[in-house]
Structure formats: structure tokens, C-alpha cells
Amino acid sequence: MKKQIGGEYNHLKIEPKWRKVWEKKKVNLTKDTAKGKKFYVLDMFPYPSGTGLHVGHPRGYVATDVYSRYKRMHGFNVLHPMGWDSFGLPAENFAIKNKINPVISDKINVKRYKEQISILGLNYDWSREINTTDPNYYKWTQWIFLQLFKKGLAYESFEPINWCPSCKTGLANEDLEDGKCERCGTVVEKKPMRQWVLKITDYADRLLKDIDDLNWPESVKESQRNWIGRSEGAELEFKVVDSKSSIKVFTTRADTLFGVTYVVLAPESKLVGELKTQIKNWPEVEKYMAEAKTKTEIERTAVNKSKTGVALKGVFVINPATGEKVPVWMSDYVLADYGTGAVMAVPAHDERDFAFATKYNLPIKEVIIPVRIDKRNPPVPGKEKVTRQNVQVVVRNPKDNKILCLQWKKHDWRTFPMGGTDGEDILTAAKREVLEETGYKNLANGKILGGQVRAEYFAAHKDVNRVSYTTLVSFDLKDEERAPISKEEADQADVFWADLKTLTVDFMTHAEMDIWLERIGKEVTAYTSTGVLINSGKFDGTDNEKAEKEITKAFGKVKVSYKLKDWVFSRQRYWGEPIPVVHCDKCGVVAVPEKQLPIKLPKVKFYEPTGTGESPLAAITKWVNTKCPKCGGKAKRETNTMPQWAGSSWYYLRYINPKNKKALVDKKKEKYWMKNGVDLYVGGTEHATRHLIYARFWHKFLFDIGAVSEKEPFKQLKNQGMVLGSDSRKMSKRWGNVVNPDEVVKNVGADALRVYEMFMGPFEQEIAWSTDNMVGSRRFLDKVWKLQERISGNPLRLTSELIAPRVSRNQEVDHKFETLLHKTIKKVTEDIVNFNFNTAISAFMILVNLAEKIEITKADYEIILKMLAPFAPHMTEEIWAKLGHKKSIHLEKWPDYNEKKIISEKIMVMVQINGKPRASFEMPVGSTQAEVEKAAFARDDVSKWLTGKEIIKKLFIKERILSLITN
RNA sequence: GCUCGAGUGGCGGAAUAGGUAUACGCGCAACACUUAAAAUGUUGUCUGCGAAAGCGGAUGCGGGUUCGACUCCCGCCUCGAGCACCA
């Protein structure tokens with residue numbers, strides 16, 4: 001057996017060898033020059049859990065690695081760092097369970113993560129490694145807190161907050177999923193307690209506005225917009241009768257002000273105290289408030305829950321628009337912490353108010369009605385306008401569900417029985433019309449289906465424009481008994497019964513038909529859509545959108561509300577950054593002087609959360625008892641710690657200057673590396689509304705105090721899709737579907753894993769892992785390796801007939817390969833830039849499939865290797881060295897393509913006949929229509945479709961298509 | 001309920017300023033090499049009719065625009081994500 005001169009591709013030898021060389025030669029260290037074009041590529045740093053990495057984690061890391069190597073080969077000064085986000089509950093819970101100091105388990109986990117990441121051959125500059133639990137790091141996290149505190153953006157609050165009874169800590173709104181603790185899934189409670197809160201709402205407007213300029217996935221931007229939840233509306237004041245108090249409400253529907261029939265307060269409303277003396281049923285109200293407190297968020301907001309509430313008897317307020325006295329209620333459908341904690345209720349035009357009003361028998365006053373202009377008989381300009389009150393009647397026969405209709409004789413009209421009401425009761429008028437027009441006598445279950453609809457049309461027989469206000473009424477037919485119909489009516493229309501399905505907008509003549517279809521046979525509730533105002537004094541007839549502005553101006557002021565809440569920033573747990581303040585008996589809350597930072601987390605014996613609202617730190621009296629920096633008197637340290645999101649809200653800045661002892665980052669270096677922000681940030685979507693909002697908030701704050709030079713931290717964001725187990729479930733111990741990268745690296749090599757991670761599917765898409773599919777990636781690398789044997793004139797080349805070229809070198813082959821090579825350079829270049837790694841790999845495969853069939857030159861092979869180097873850094877480096885290079889391939893320049901070589905002089909032209917592709921053939925580039933036609937008609941596969949036919953239309957698109965239409 | 005995204009072979013997926021759908025990979029089948037297997041290589045692999053040449057059909061469903069639609073428009077269905085009593 002012949003020994004292969006090219007040698008065996010043994011990843012087990014090659015990969016560790018080169019990693020050592022790179023480390024020794026410091027290939028991956030970033031120059032700290034602050035000169036030249038920079039590119040900052042950032043991964044969301046991991047939380048090093050005890051379970052280690054699975055093959056999903058490297059997907060993002062490999063992508064940033066490929067991208068950063070690609071940028072380096074373009075001459076950029078690239079920063080690509082890695083670190084650890086180690087504070088947090090799992091480490092603490094592990095410590096509790098195993099009685100191990102989290103500092104120690106942290107060290108073990110970081111070591112394991114780093115090993116796993118290292119064997120992938122990623123080009124991180126480890127000299128910049130950071131860890132959020134390192135006091136030299138969290139010194140600056142605490143420093144930022146102090147700056148926030150000084151600016152009044154960190155404050156103590158005693159409002160009820162989300163409390164997880166299992167984790168025994170308060171949580172921010174962002175830490176909840178469906179009202180449950182994001183960590184452990186326990187339903188959270190509302191618990192009033194002292195806590196630290198950051199005033200992120202001060203930045204709500206800027207956080208929202210600046211989203212527009214970010215090069216981020218649309219879904220993440222949309223999530224943030226939703227989360228911030230800006231809504232513009234009006235603040236209106238309702239004076240309380242016989243009191244100095246007044247109730248302010250926030251509404252986005254000021255146009256419905258005339259329809260207010262009551263006002264509702266949230267159970268937590270502070271106003272209740274002011275009104276207490278007026279409330280006649282105080283015990284009842286107090287009971288309701290107490291009940292509301294014990295309910296969880298889930299119980300209160302359950303979708304199908306029926307509304308509850310209690311009237312504040314004796315309390316009335318004045319509608320500022322009408323001067324009407326309306327009652328005040330309390331209900332937990334009103335949220336205390338949104339808007340003003342009070343709403344004006346307009347049951348006619350709000351679903352929630354409607355449900356509440358129906359349940360408690362409160363009046364419903366309609367002030368907005370829809371408008372329809374009849375398209376078949378539009379109003380004629382200049383004609384007199386006549387207003388009419390109408391009723392239209394839907395009579396259903398319960399036996400066959402058919403609806404009673406009229407077919408008009410003189411016109412092609414189909415309508416329901418209808419007519420003017422002339423001030424009659426609506427149901428009476430409706431019954432009368434049915435009797436007169438159809439003769440049916442016995443109707444049951446009369447129901448008014450919603451409010452009036454205004455319609456405008458031209459009544460030709462009266463030569464006037466009519467404006468009708470129509471009410472729709474429904475009945476069930478009791479029996480078939482009919483009275484005779486007058487001749488006049490009988491001459492006008494025929495009676496027929498129709499299936500509801502056939503009563504479409506086109507079939508029926510009513511201009512209001514689309515609205516009727518939404519009401520017939522359905523539960524009619526509030527009308528929440530657009531229209532014109534009625535029952536609204538001088539605003540009657542005004543378009544509601546216009547009226548909203550005018551009424552706001554007349555009776556209140558414009559107000560903006562946000563869904564975003566201030567960030568609950570304290571945790572009653574051990575494993576987090578201590579909040580650097582002390583509580584002094586004399587001076588109150590006092591900031592720790594910056595000189596004293598970091599306030600180190602002391603060692604404790606017990607990590608268990610106390611559940612009392614104090615962290616386990618409270619038990620360390622030595623640590624807790626201190627001196628007040630202001631008066632020197634006795635003081636106690638703050639024992640709450642910061643949430644996990646604190647350290648990650650600014651870590652990207654520390655990589656720039658990780659050892660700086662004087663500042664969180666050197667200003668000059670920050671200005672260089674953060675110009676336009678982090679250039680590329682890659683991580684999972686799970687951080688869309690937490691980390692990514694918090695970090696933007698802190699960055700904007702740091703910008704405001706002059707610590708950083710840009711207003712946004714992350715210019716471009718890419719989300720990697722999650723890698724699922726081969727069973728399409730989330731990879732987890734629980735399902736036993738976790739694939740460990742170490743195993744894969746051992747079996748097929750880090751390079752094959754890297755190539756597969758990039759090839760498996762679109763980067764941003766979720767995808768199931770498949771070890772079977774991965775063999776394709778390894779085979780591809782094997783082929784690239786074996787190309788060594790195909791180099792013409794290379795001493796490495798094998799001469800055995802087995803691997804002799806199947807196609808000998810000639811001009812045509814050379815040309816074909818050259819064209820493909822340059823096309824591939826172009827494609828791979830563009831694909832990397834656009835994160836289309838899967839198609840980049842596919843382009844490589846196509847090129848290599850051709851290359852392995854022919855002889856190639858050393859120069860061409862080197863081009864392939866250089867392009868492949870970011871994907872398969874070990875193997876390409878090995879071949880590169882074997883080809884005689886002394887310097888690393890990773891310091892090479894990225895190959896250029898020649899646009900001229902991509903364009904071939906011949907091109908495929910297609911002939912379509914009657915829209916079907918019938919023939920395709922090669923033509924020289926630039927062929928004219930006449931030339932293509934001549935060539936086409938000479939072909940059998942074209943002419944056979946044309947015999948006996950006449951060409952009636954020709955269409956020619958140069959270098960693409962000739963389209964022929966025959967008769 | 002509202003907002004956003006996606007539906008293409010047995011599987012992962014290509015192809016959208018409208019122009020030969022199914023590239024590339026996996027799997028499968030046959031063949032070659034082998035005592036044999038693995039590995040490797042070669043060929044084939046959407047579907048219906050047909051011996052073949054060939055002809056027709058198919059990109060979630062139904063319409064439309066166009067010489068021509070995976071791509072654009074209208075109406076649905078399904079799946080995924082985010083928000084959800086936010087006034």
C-alpha cells in the first residue's frame with residue numbers, strides 16, 4: 001500500500017498543536033494602539049453554569065470568530081474579547097445545596113467553560129478576560145450605581161413589588177414571564193417592601209426614539225417598543241362633588257369624554273384616603289382593597305375572569321365637558337401603576353368598561369357612531385340634506401336559520417325590512433315595519449344590535465341627499481302566521497328568505513351592511529372603531545380623531561404614558577454586588593465615598609435567603625456595622641445586593657481597558673473602540689427586553705455624565721437561532737438530548753464542528769442538532785485536505801494513477817475553474833458580511849467539488865485556504881505551513897476577486913412559449929433580439945411549438961429570456 | 001385579541017429590483033474498489049402518465065396582476081415569537 005505523501009488529516013494532532021503555537025506567538029492579542037480602522041466584535045458573555053457548554057453555545061461564538069478573522073484579514077484592528085457573567089441565582093443555589101462558597105464554584109465553572117471554549121480554536125484575546133464577580137470589576141459596577149444615586153436616578157421605594165416566594169427575593173418587571181418568576185416558575189406575589197429602584201422611566205423617551213437608528217433585528221426592536229409601551233393621550237380632571245379633591249384620569253380616547261358614565265379607581269389608589277370620609281360604604285370598600293392585595297398578578301389579570309368592583313357610595317365627580325354628576329367605583333381592572341391609576345369609563349366605546357357596566361347595571365351612553373357613504377348612490381353635491389331616523393330588522397326563522405329579506409321590484413335592491421321610526425320606540429317601529437312590509441305577525445326575542453350607524457346617500461325619488469341614523473334590530477320568528485299586505489307594499493317588493501351566508505356586502509344594498517355582518521348573530525359590545533360624534537354638544541358630527549385633539553385641548557392636556565416601570569434593582573440575596581450605601585441614624589441614606597470602593601462581598605457561613613426582606617448579609621454584624629461617612633456616627637451597610645443584570649449592563653466597556661484602576665475605562669481608548677458603538681454584537685433573543693434595555697439605559701446615563709462618547713452601545717445586533725436537541729426539544733439534561741462539544745471535537749475535530757455550526761442552517765433560525773448531518777462538513781474538510789494532491793508541479797503531489805486528474809488541464813477547464821473561483825470569492829465575501837454562513841459553505845463545496853476533479857495551481861489552492869481560514873483555522877494553518885509558509889495564515893490578506901473574470905462571454909438564454917419554458921441554449925454575451933430569434937427558430941425544440949401557429953407577441957429581455965405568445 | 005416572523009423533496013435547507021424551483025449537504029438505491037465490511041469513488045434520487053423520447057402537475061390553501069409568480073397584491077389556514085384588563 002502506498003503511503004499518502006499529503007499525509008493524513010489527523011485533527012487530534014493538528015488542532016492542539018496550532019493552538020499552542022498561536023498562544024505562544026500571541027496571534028490573537030489585540031493591539032492597544034488606538035490607531036487604524038477598528039472593529040469591535042462582541043459575544044454576549046455567558047453565565048458559567050455547572051453543567052458546561054452544549055453544542056448550541058458555540059454557534060454564536062463561531063460566527064463572531066469567523067467575522068472577526070475576516071475583518072482582521074481586511075486590515076482592521078479587531079477587538080474580540082470574552083468574559084464571565086458569574087453573579088446570579090444558580091451559583092448561589094448551588095452554594096446553598098452543596099455548602100460551597102460561590103467564589104470557589106465560580107472558579108471551577110469558569111475554568112471548565114474556558115477549556116471548552118478554547119478547544120474550539122476561537123480567537124479571543126484572553127488577556128482582556130473579565131469576570132463580573134471580580135472586586136476589581138464590580139468596583140466599577142458600584143461606581144456607576146453611585147453616579148446614578150447622585151443624580152437622583154437611584155432611589156429607595158416602599159411600593160409593593162414582585163416577590164418570588166421561592167427565590168425569596170424581589171424581582172423587576174422584566175424578570176417575570178406570565179406573572180411567574182423567570183428563574184423558577186413560581187407565581188410571584190405583590191409585597192410591599194423597601195427596595196432600591198432605578199429611574200429608567202426618565203430615559204423611556206430616548207430609549208424608544210433611538211431604537212429607530214439601530215441596525216438590529218426588527219423583532220427585537222419591536223419587542224423593545226412594546227416593552228416601553230409609549231402611548232399618547234390626555235389627562236383630564238374630574239372634580240369631586242363636595243370636596244377639594246379631584247380625580248385625574250389618563251385616556252387615549254378623549255373623544256369619548258361626553259360618554260363617560262362613571263369613573264374607576266384602582267384598589268391601590270392613594271386618592272381613596274382623601275375620599276374616605278365621603279364614602280358611605282367604607283367597610284365594603286376596605287374589604288375590596290384588602291382582597292385585591294392578596295391576589296396575585298395572574299389572578300387579577302386572568303383573561304377570561306369576570307370583572308369585580310365596588311361602588312364608592314356617596315362619591316360623585318363632575319364630567320368636565322358636560323357638567324354631569326357621575327358615580328365613582330373601584331375595580332382591580334384599573335392598574336395602579338399605569339397612567340394616573342384612575343380611568344374615566346365609557347362603556348359604549350371600551351370593551352372593559354362595557355363588561356363592567358353590564359355586570360353592575362351602569363348606564364351606557366353612546367357618543368360615537370360609524371359612518372358609511374353609499375357607494376352605489378352617493379350623495380349628490382348641492383342637493384338638500386334631509387336627516388332621518390331609521391330602523392332595519394333582521395328576522396330569523398329558528399327552524400332553518402334563514403333571514404327575512406325584500407327584493408325590490410323597481411330597483412335591483414335587496415334589503416331587510418326597514419323604515420323610519422318617527423319617534424316611536426325602536427322595537428315597536430321594527431315590528432310595525434315587518435308587519436307592513438312582509439305580513440309576519442308574531443315575532444319574539446326583540447333585540448337592538450348595537451348603536452346607530454350614520455349613512456349618507458342620494459334619494460333619487462325625492463331628489464334629496466339623505467342622512468340616515470339607523471338602528472339594527474333582530475327578532476326570531478315565532479310562527480308563520482301572516483297578515484295580508486297592502487297593495488302598495490306588495491307592488492314595491494317581494495319577500496324572500498335567505499341563508500345568512502349569502503347576505504354579503506355585494507348582495508345586499510344597505511350601505512351599512514359590513515357593520516351589520518359584524519353584529520348579526522353575535523354578542524354586540526362596545527363600538528371601539530372610528531366614526532363621528534353624537535350626544536357631544538358642539539362636537540356633534542365631528543370626526544372622532546379630530547375631536548380627540550379638540551376635546552383634549554378644551555378640557556385637559558396632552559399627556560404621554562409608558563408601560564415601562566422603574567427598574568427594581570435590589571435583591572435580598574447573597575451572590576451579587578453589594579449596593580454601596582449606608583444607613584445612618586442621623587443622616588439617613590448616605591453614599592459610600594468612591595475611595596472606599598469596592599465594597600467587597602464578605603464571606604458568610606450561610607447563603608440561605610432569609611425571606612424577611614433582608615439578604616443573608618444582614619447577619620454579618622461585623623460587616624454591617626460601620627461608620628457614617630458623613631457624620632462619623634453609627635451606621636449600617638445596605639444589605640441588599642444588585643440583580644444579575646447589573647454587571648452585564650456595562651461589561652463591553654471594560655474589555656477595552658480591563659485593568660484600569662483609575663476609571664471604568666480610559667476615555668481615549670473608549671473613544672477609539674466605541675466609535676459608533678460596538679460594531680457587531682451577537683447573542684440570543686432571550687435578552688431582547690432585559691439586558692439590551694438595561695445596557696442601553698446605563699450607556700445613555702454614562703453618556704450624560706460624560707463617561708462614554710456615544711449615545712448607543714450596540715450598533716449592529718445579530719441573534720443566533722437556538723440549537724435544539726435532535727428531538728427538536730430544547731437541549732437540556734431533563735430530556736437527555738444534550739450534545740457536548742468536547743465529544744464532537746474529539747470525534748471529528750473543532751474545524752468540522754465549526755464548519756457544521758455555520759452550515760447547519762440560517763444563522764438566525766432555530767435548528768435541531770444532527771450528528772448525522774455533520775459528517776458532510778467533515779467530508780468537505782477531507783476533500784479540501786486532499787486537494788494538496790491535486791496541485792500541479794507540487795512535490796507533495798501523489799503520482800499514483802488513483803488520484804491522477806480525471807480531467808487534464810486545458811484551456812477550457814482552466815477558464816471554468818477560474819470563473820468559479822472568482823465567483824466563489826465574491827459569494828463568500830458577501831455571505832460573511834451578511835451572516836449567510838450556510839450559503840458561504842455551500843459555495844465552498846461547489847468550488848471544491850470542481851477542484852478535486854482537475855489539477856489546480858498552488859496559488860489557487862492558497863486562495864481557497866485563506867478564505868476557509870476563518871471557518872477552519874487549524875486545518876488551513878497546517879496546510880499553509882506545509883506549503884512552505886512561515887507566517888500564520890490568519891495574518892494574511894483576504895483574497896480579492898476580479899469582476900472581469902466572473903463574467904463569461906457566453907450566457908444561457910431561455911425561450912418561453914406561452915409562458916412555458918421550452919428551450920435554453922448558449923448565446924454570446926450581448927446578443928441582440930434578432931440574433932437570439934434566429935438561433936431559436938432554427939431549433940427543433942422551439943419550432944415544434946410554433947408550427948401552424950402565429951406569433952402574436954414577442955418579449956425579449958437581453959441575456960435572459962425570449963418570450964413568445966402564439967394564438 | 002394586537003404586533004412581528006415563517007410555511008419549498010424523506011430530512012437541514014437554496015433560489016425574491018419577477019425570468020429554467022428543488023443549489024449545497026444528509027439520507028436512500030445501484031455500481032466500482034474489497035475475501036468481507038467500513039472508508040472512498042461513480043451514477044441516480046420532487047411527483048403523475050409513459051418502454052423511451054416526451055408531456056403534465058407541485059413552493060400551506062383560494063383568488064388576482066403578468067408573456068412569466070416561491071418572489072408582488074387580496075382573502076384564509078397552520079406554526080413560532082413578543083405583548084396582553086396599559087384606559
Side-chain angles (χ1 to χ4, degrees), chain A residues 177-179 217-227 229-231 233-234 249-254 256 264 266 300-305 307 331-335 337-346 349-353 355-356 528 561-565 685-686 688-689 719 755-756 759-762 764-777 779-780 782-783 786 802-803 806 836 838-849 852-853 908-920 941 944 952-957 959-966:
Chain A
E177 268 173 16
D178 292 329
E218 212 40 57
S219 61
V220 176
K221 288 164 78 167
E222 201 55 33
S223 286
Q224 293 214 347
R225 287 191 192 105
N226 276 341
W227 192 263
R230 182 182 198 273
S231 88
V249 303
F250 173 75
T251 180
T252 54
R253 294 296 304 273
T256 62
V264 196
R300 273 185 64 162
T301 60
V303 180
N304 296 321
K305 191 200 84 163
K307 302 226 173 332
S331 170
D332 64 5
Y333 83 89
V334 177
L335 307 175
D337 49 8
Y338 182 75
T340 60
V343 302
M344 59 179 222
V346 188
H349 305 292
D350 181 279
E351 303 275 1
R352 296 152 299 180
D353 299 341
F356 192 80
T528 56
S561 278
Y562 296 95
K563 238 168 59 181
L564 184 73
K565 309 273 189 303
T685 44
E686 67 273 20
T689 52
N719 287 131
V755 168
Y756 179 59
F759 182 62
M760 60 197 305
E764 302 199 66
Q765 193 174 300
E766 190 174 87
I767 200 157
W769 175 262
S770 163
T771 302
D772 288 346
N773 280 2
M774 194 172 54
V775 308
S777 300
R779 279 181 199 156
F780 162 67
D782 285 334
K783 285 180 183 181
K786 281 193 201 154
L802 226 170
I803 44 86
R806 269 143 284 178
N836 295 325
N838 55 332
T839 50
I841 301 288
S842 140
F844 272 124
M845 288 171 169
I846 293 167
L847 181 70
V848 170
N849 284 347
E852 67 169 1
K853 291 191 177 72
M908 292 298 278
V909 174
M910 186 192 29
V911 179
Q912 283 188 5
I913 297 163
N914 292 331
K916 289 199 188 275
R918 293 302 182 189
S920 67
D941 53 6
K944 77 173 186 185
I952 52 174
K953 195 171 174 187
K954 287 183 202 168
L955 226 117
F956 180 70
I957 290 148
E959 283 155 24
R960 275 262 166 84
I961 212 159
L962 174 67
S963 186
L964 305 171
I965 311 301
T966 68

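Everything quoted here is computed from the prediction, not taken from an experiment. Note on naming: letters A, B, ... go to the chains in the order of the sequence lines (proteins, then strands), and numbering restarts at 1 for each one.
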Pair of N/O donor and acceptor under 3.5 Å linking [N] base with [X] side chain:
X        : N     : answer
A:Lys954 : B:C67 : no
A:Ser963 : B:C67 : yes
A:Gln912 : B:G19 : yes

Over all strands shown, is [X] touching base, sugar-phosphate only, or nothing at heavy-atom distances under 4.0 angstrom?
X        : answer
A:Ser770 : nothing
A:Glu351 : nothing
A:Lys221 : nothing
A:Asp782 : nothing
A:Gly339 : nothing
A:Arg918 : sugar-phosphate
A:Lys953 : sugar-phosphate
A:Met908 : base

Exercise for the section: Nearest-nucleotide wise, let me know which of A:Glu222 and A:Met344 is further upstream toward the 5' end of RNA chain B. Expected result: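 Nearest-nucleotide comparison on RNA chain B picks A:Glu222.
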Exercise for the section: Identify, between A:Ile965 and A:Ser842, the residue whose nearest nucleotide on RNA chain B lies closer to the 5' end. Expected result: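 Of the two residues, A:Ser842 wins.
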What's the closest nucleotide to the [X] side chain, out of [options]?
X        : options             : value
A:Asp772 : B:C67, B:G13, B:C26 : B:C26
A:Met910 : B:A87, B:U20, B:G13 : B:U20
A:Asn849 : B:G54, B:G27, B:C24 : B:C24
A:Ile957 : B:G19, B:C24, B:A87 : B:G19
A:Asp332 : B:C85, B:G12, B:C24 : B:C85
A:Met845 : B:C24, B:A87, B:G13 : B:C24
A:Trp227 : B:C83, B:A14, B:C26 : B:C83
A:Phe759 : B:G27, B:G12, B:G68 : B:G12

Exercise for the section: Check whether any side-chain N or O of A:Thr839 sits under 4.0 Å from OP1 or OP2 of B:C24, and answer yes or no. Expected result: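 The answer is no; no side-chain N or O of A:Thr839 sits under 4.0 Å from OP1 or OP2.
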Handout entry: Any A:Arg960 side-chain N or O less than 4.0 Å from OP1/OP2 of B:U20
Key =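 The answer is no; no side-chain N or O of A:Arg960 sits under 4.0 Å from OP1 or OP2.
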Problem - Where A:Lys783 and A:Asn849 come nearest, the two heavy atoms and their spacing - result: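 Scanning both residues completely, I find the closest heavy atoms to be NZ-OD1, 3.1 Å.
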Problem - Considering all heavy atoms, the nearest A:Gly339-A:Phe250 contact - result: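 Smallest interatomic distance, heavy atoms only, reads CA-CB, 4.0 Å.
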Practice task
Enumerate, in order of first residue number, the stems that involve RNA chain B, defined as 3 or more consecutive Watson-Crick or G-U wobble pairs with both distances under 3.5 Å.
Solution key: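 In RNA chain B, stems of three or more pairs: B:1-7 with B:77-83, B:10-12 with B:24-26, B:27-32 with B:40-45, B:46-49 with B:54-57, B:60-64 with B:72-76.
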Practice task
May I ask you to decide if the ring planes of A:Tyr756 and A:Trp769 are parallel, tilted or perpendicular, using 30° and 60° as cut-offs?
Solution key: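 Perpendicular, since the angle between the ring planes exceeds 60°.
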